[in-house]
Amino acid sequence: MKIAIYPGSFDPITNGHLDILNRACKIFDKVIVLVADNPKKKSRFSPKERVEMIKETVDNPNVVIDSFSGLTVEYAKSNGATHLIRGLRAVTDFEYEFQLASANDFVDNNIDTVFLMSKNDKSFINSSMIMELHEAGVDVSSLVPESVNKRLK
Ligand code: COA
């Protein structure tokens, strides 16, 4: 069974993340969406809320949703995963993703990162931008799942 981890802050999950997840499910038998810590970021929603929003959105028996604070690669190893999934939206993502993939490879070179390109119409989305637009009164309901919308309201 091929297992992959899709790690991220998911603060909150967006339709862009869901697009990557759905496509990853076509490649792997099981995908674990992992709400992980990025120590450089101040969180908007708690890890528990982020997990809840994803659970309310994703209805697929091959997807597991979890949270973890520690190294993603260590989590992958202890859960039998061989790959990490990351989405690439624009050239600007490349340098950061390259560093992250290299750091993960340094920790364990048996875990490989697979990159999926975001679809054009989703490539401008990120969680901060959605929150900023929402706080400015813009309707962001077409960019996030209903579970997120509900909490934003
Ligand atoms: N569609 C829309 N937005 C997307 C997206 C997609 N397909 N993919 C990423 N994004 C956005 C996110 O919303 C996020 O936006 P924000 O910065 O405005 O909040 C941004 O792109 C990047 O977020 P994310 O993909 O969640 O990555 P991250 O940099 O926040 O998290 C971790 C990276 C959590 C996976 C990484 O830090 C990690 O593995 N941490 C655990 C510790 C560890 O193992 N460190 C590794 C070695 S240093």
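Below, all heavy atoms of this structure are taken into account, side chains as well, without hydrogens, waters or symmetry copies. Numbers for residues simply follow the sequence, beginning at 1. Atoms within a ligand are numbered from 1 in the order they appear, just like the ligands themselves.
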Original post:
Between S118 and ligand 1, which residue portion shows a heavy-atom distance shorter than 4.0 Å: side chain, backbone, both, or neither?
Top reply: side chain
**OP:** Identify the protein heavy atom lying closest to atom 19 (O) of ligand 1, giving its residue, its atom name and the separation to 0.1 Å.
**Re:** R44 NH2, 3.0 Å
Subject >> Ion pair K77/E74, N-O distance below 4.0 Å >> reply: yes
Subject >> Atom CG of D29 with >12 non-hydrogen neighbours under 6.0 angstrom >> reply: yes
**OP:** Would you please determine whether P7 falls within less than 4.0 Å of ligand 1 on a heavy-atom basis?
**Re:** yes
Subject >> Nearest protein heavy atom with distance in Å, relative to atom 11 (C) of ligand 1 >> reply: R89 NH1, 3.3 Å
Original post:
Which of the numbered atoms in ligand 1 are below 4.0 angstrom from a heavy atom of I125?
Top reply: 2 (C), 3 (N)
Original post:
Near M117 CE, under 6.0 Å, is it more than 12 heavy atoms from other residues, nucleotides or ligands?
Top reply: no
Original post:
Where does the angle between the aromatic ring planes of Y6 and F10 fall among parallel (under 30°), tilted (30 to 60°) and perpendicular (over 60°)?
Top reply: perpendicular
Original post:
Counting each atom of ligand 1 from 1 as listed, which ones have a heavy atom of N126 under 4.0 Å away?
Top reply: 3 (N), 11 (C), 13 (O), 15 (O), 18 (O)
Original post:
Is any side-chain heavy atom of L116 closer than 4.5 Å to a side-chain heavy atom of I85?
Top reply: yes
Original post:
Tell me: protein heavy atom nearest atom 44 (O) of ligand 1, and distance?
Top reply: T72 N, 2.9 Å
Original post:
Nearest protein heavy atom to atom 40 (N) of ligand 1, by residue and atom, and its distance?
Top reply: D37 O, 2.9 Å
**OP:** Please determine if R151 and E56 form a salt bridge, counting it only when a charged side-chain N lies under 4.0 Å from a carboxylate O.
**Re:** yes
Subject >> Atom indices of ligand 1 within 4.0 angstrom of N104 heavy atoms, with elements >> reply: 46 (C), 47 (C)
**OP:** Could you check atom 23 (O) of ligand 1 against the protein and tell me its nearest heavy-atom contact, residue, atom and distance included?
**Re:** K41 NZ, 3.4 Å
**OP:** Using a strict 4.0 Å threshold on nitrogen-to-oxygen distance, state whether E52 and K48 make a salt bridge.
**Re:** yes
Subject >> pair S9-R50: side-chain heavy atoms closer than 4.5 Å >> reply: yes
Original post:
Would you say D11's side chain and R44's backbone share a donor-acceptor pair under 3.5 angstrom?
Top reply: yes
Subject >> From CD1 (I5) to CG (L84), nearest 0.5 Å >> reply: 7.0 Å
Subject >> Closest approach of any protein heavy atom to atom 42 (C) of ligand 1, naming residue and atom >> reply: G70 O, 3.4 Å
**OP:** Write out the residue and atom name of the closest protein heavy atom to atom 27 (O) of ligand 1, then the distance separating them to 0.1 Å.
**Re:** R86 NH2, 3.1 Å
Original post:
Numbering the atoms of ligand 1 from 1, which are under 4.0 Å from a heavy atom of I20?
Top reply: 7 (N)
**OP:** Look at atom 29 (O) of ligand 1 and say which protein heavy atom is nearest, naming residue and atom and giving the distance to 0.1 Å.
**Re:** Y96 OH, 2.4 Å
Original post:
Any non-hydrogen atom of D11 lying under 4.0 Å from ligand 1?
Top reply: no
